[in-house]
Every structure is written in C-alpha cells, then in structure tokens.
Number of protein chains: 2
Amino acid sequence: MTGKMNATCFGCQVRHTTEWCALNDEELALLDGVKVPKTYEAGTTLFHQGDDCAGIYCISSGLVGVRRLDAAGNSTLVRLCGPGETIGYRSFLRKSSHRSTAEVMMPSTVCFIRRATVRTLLEQNPNLGLRFLDHTLKDADDFEDRHFENVTFTVRSRLLSLLMVLYERFGHLNENGEPVMELPISRQDIAALIGASPETISRSIGAVQDEGLAVFKGRKVQFHSLEALVQQLPGA
Amino acid sequence: MTGKMNATCFGCQVRHTTEWCALNDEELALLDGVKVPKTYEAGTTLFHQGDDCAGIYCISSGLVGVRRLDAAGNSTLVRLCGPGETIGYRSFLRKSSHRSTAEVMMPSTVCFIRRATVRTLLEQNPNLGLRFLDHTLKDADDFEDRHFENVTFTVRSRLLSLLMVLYERFGHLNENGEPVMELPISRQDIAALIGASPETISRSIGAVQDEGLAVFKGRKVQFHSLEALVQQLPGA
DNA sequence: CCGCTGCCTTGATGATCGTCAAGCAGCGAC
DNA sequence: GTCGCTGCTTGACGATCATCAAGGCAGCGG
C-alpha cells in the first residue's frame, strides 16, 4: 500500500534533496511512470549482499539500514539512510553486485527504479551524472571521516558522536523544551555502528548517564544539555 | 629536476592507469603543455590540510602519503598513493579546501595540473568525468572496506593485511626465490595506518616473527611463505 | 671518537574492552 | 494470567592494548 501524498515524483517531499532534482519535467514524468513505490514494514530486506544490482532505491520516508556480513557470518550495521537518500547506486554505477544488505529499520516508503531506466536518464541528462558524482564524493569523505574517528576516538567519544548525529535526524524538544529523542536502532546495532560489543555500549551508556549528560530509558533518551555534550566531543 | 623519460605525458609510463587515459591526442597535448612535472625528495609536502585546492597532483613515480591532523595536532597517516594515482582530486571536484596533507614519502616525480586546466578538459571530454567518477567510487568502496576491517579485525590481522597490501606494491622475490620487501614507511606510520600505538606494532611484529611467518630487520622483511600468511587473514 | 638525535624495542603497569554467564524487563502468543 | 522469547543489563574474568619509562642502536655532526 502506498501513501497518496507521495504517489507521484512531482509531489514527492524529498525530491529536491535527491539526485532527481536534476531532472526536468519531461524526464521526471518518465521516471514517475516506471518507478515502483512501495511501503515496507520494519524488518524487510530490500536486497541482499551478493545480489545482482537490479536498480536503485530512493527512500521517500522512514529509515533503511545497510548491513555487511563478516567472515563469521555475523551481520554488522554499517550505516543508516533516511528520506531523500539513494541506496544501491554505487553498485549500479560500478555495474557490480551489492556489497551489502539493505534492511528496512522503520516503516518506510521506498521507490525502486530499474537499472535500464536510470541508464536512459543518465544518457539524456548529464547533470544527473554530476549529482551521482556529488553523492559519491560525499560518501567517500564521510567514510574517510569515520575511518579517522574509529582510529583516533575512544568508544565513549564515538558513542557521543553517534548520539549527536542521530539527534540531528530524530531528536526534538519536548513540551518542557528539553532535547529528547527516540533511538531508531537497537543497542546491538549501535554497538556494530561504532565497532564495540553490546555490553561495552551498555556500560558506556551507563557512564554517560552517571555523569548526568543524558537519561536513557529503553529507546528514549533525554539530554540534559546538548552544549555540554558537544563540548565532550574531541576537537574542543 | 625532472627525469627525461617522463618529461611528456605521451611517454608517461603510468598514463594508462590514470584518469588521463580518457584523453585524445589533442587534449593530451594541451595537458602536456601546462602540466608542471617535478621531482621531490622525501619529506616534502605537496599541500597542507586546509589549503585551497589549486589543482590536482598526478604521481608518476615514487610514493606520497596522505596525513590528517587530529584534535591534539598529531599527524596520522591515512593512506598511501603510488604511481598512476591522482591526489587532491576530491577537493577539486567538491571545490573545497584540502581535508588532508600530502607528504612525499619516497623520492617521487609528481605532475601538478592547475584547476583551470582540469576544468577545461572536463568540459571538453565527458569521459574524463566518468574516469573521476570511477576513481571516487573505488575510493568510497575502499574506505568502506577499511572501516569494516578496523571494526571487525584485531590489530594482528590488520597488520598482516597491510603487509600483504604493501607486498603487492613493493615486494619481490630475492635471488633465492624468497618473497622479500623493503618497507616504505616507518613503524610509527604503520601504527597510524592501522590505528594502534607504535609499541603495539613493535610487539605485534615480534609475535609474527616468533611464529615464523616473516623475519623483520629494520625496514627489510622476508616472508617465509605468502600462502601461510594469507591463510591467517580473516575470511579463510 | 664522542655525543647527539630519532627511531625502534622492551618491560611493567593499568585502563579499556571483549567474552562468558547469569539475571532481568518487556512483550506478544496463547 | 503465564509461558517463552528477545533484547538489555550486570558481574566476573581475561585478553588486548595504551601509556610511561628505560634502554639500545643506527646515522650524523662535531
């Protein structure tokens, strides 16, 4: 079942943040005609690691997690993608199979665009290619940053850093004007994201709580002061 | 001083592995006329973190290290670039300042190409843009892999992995048919690359040696058997 | 030849973090 | 309700790793 509001690309709320903002009306009509929008419930997988890349996915709402399997077969959350983000595009551009698994983390509506369609659009509109280039450049820089963080930060710092990133997307002020957030992912996934064991994360959260920076109740977090938290991050 | 052999792009040994393989003879002549080739000795820095991106650098021989400064001001080696690789191109494409410092690690000859020249070539030849896209895609995937490695591998595994990567570029068989290699970087830089302290690296090297996998003497390494070493890497 | 300096090693110690195991809270199924 | 499941927490322990400090060893200038 698909929500009425996002049924067409023209009405899509997040289009201007995606690669597709490079398209003109005619091209957008083409895209609109062949895209496959769908709402998924949490737990669904869009594609599996090793699958052929059949096309790319454009998230219109919700949250999708990208996972990778290690040598032992354990699935590790590598990153999160939200509304306005495109996934599977790198495998598409490299004409290779998927290097990771995409799993829906929250109820989400996602549009699928077949490989052939994207190719046609890319040939018609060179600006679309530049958008993909921009996206790839940003991804490369992001991964470089995260690699640097993992090497130079402690688990505690990485946790605080992740909390701030999540807050930017999922946080808000409650009725008392206090910054609060509902964590979109489990502690196990938090652990995988920052490269630590779930137990260590649990203890780290406890420590952050003891210092009065935030209060955790299940997946609900209430921060005492965002400024105090930012100050604790490496780099002043 | 510039070596005679690599004085022109047409004679450049590594051109077919660079982005410039997309250029036709006419475009190559343009590039050849304005490029600035130079040989640097070890220790020189090509550009500093935070500098404006004046153009891109194409390594024709030698080795260049990419460093980043952490909050405390320590410089940590992030990656190595060898002949046929282009550096500074992501800052150029994003029209931003350099996110890292490039330091010559071995005597190297490097060609500098001014920003305006690259722009002109990009406008003339769309294939060149595709080459840059490919390079960026590869970089993004590489960083994703390394992030995954850092999170899931131990220091020992990361060391062995790095040794194999270095061997592919700097290793060879000696007169007795044994695989040997001269390490291009210091232990401190090895430590930074894999995210560990120099002391831990020293001890890790000792352990690898005790197990008979390799013998280290200063920067000289002699492997007992590459197959045995590969088997020790995670993922069978 | 001496002393210096940078780089590497080694040892001792403690902090951090992973692992194993048990207990607990929430939650849906029945 | 209560059973069982899953995810989270806690404790105890050991392995790993960083830190501090001392010493060795080459290269180099005096």
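- Atom CG of D189(B) is separated from atom C1' of dC7(C) by 12 Å (rounded to the nearest Å).
- Here the CD atom belonging to Q188(B) is positioned 11.0 Å from the OG atom belonging to S202(B), to the nearest 0.5 angstrom.
- A tilted orientation is assigned to the rings of F143(A) and H147(B), their planes being inclined by 30° to 60°.
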Could you list all N or O pairs between the protein and nucleotides 20-24 of chain C that sit under 3.5 Å apart?
from, atom 1, to, atom 2, distance (Å)
dC20(C), N4, E199(A), OE2, 3.1

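- Per the geometry, CZ belonging to R158(A) stands 13 Å off P belonging to dT16(C), to the nearest Å.
- Rounded to whole Å, the distance from CD on Q188(B) to C1' on dG6(C) is 8 Å.
- OP1 and OP2 of dC17(C) both lie 4.0 Å or more from every side-chain N or O belonging to T200(A).
- For the pair I205(B) CD1 and dT10(C) P, the interatomic distance rounds to 10 Å; values are reported in whole Å.
- Residue-to-nucleotide proximity on DNA chain C shows that, of G195(A) and S202(B), the 5′-proximal contact is made by S202(B).
- Taking atom CG of N150(A) as the reference point, atom P of dC17(C) lies 12 Å away to the nearest angstrom.
- E149(A) has no carboxylate O lying under 4.0 Å from a charged side-chain N of R158(A), or vice versa, which leaves the two without a salt bridge.
- For DNA chain D, the contact window with chain B, defined by any atom under 4.0 Å from a protein heavy atom, covers dC17(D) to dC20(D) in 5' to 3' order.
- Residue contacts shown for S186(A) are limited to sugar-phosphate atoms, with no base heavy atom under 4.0 Å away.
- Remark: R115(A) engages no residue in a salt bridge (charged side-chain N to carboxylate O under 4.0 Å, His left out) (not counting sequence neighbours).
- E227(B) meets the side chain to side chain donor-acceptor pair (under 3.5 Å) test with S225(B); sequence neighbours excluded.
- R169(A) is linked by a side chain to side chain contact (heavy atoms under 4.5 Å, CB included) to L63(A), L80(A), E85(A), counting only residues two or more places apart in sequence or in another chain.
- Ring pair W20(A)/F132(A) is perpendicular by interplanar angle, where above 60° counts as perpendicular and below 30° as parallel.
- Residue pairs meeting the ring-ring contact (aromatic ring centres under 6.0 Å, His included) criterion with at least one member in residues 35-70 of chain B, sequence neighbours excluded: F47(B)-Y57(B), F47(B)-H98(B), Y57(B)-F112(B).
- Contact check on K138(B) versus D134(B) returns no salt bridge, with no Lys/Arg side-chain nitrogen under 4.0 Å from an Asp/Glu carboxylate oxygen.
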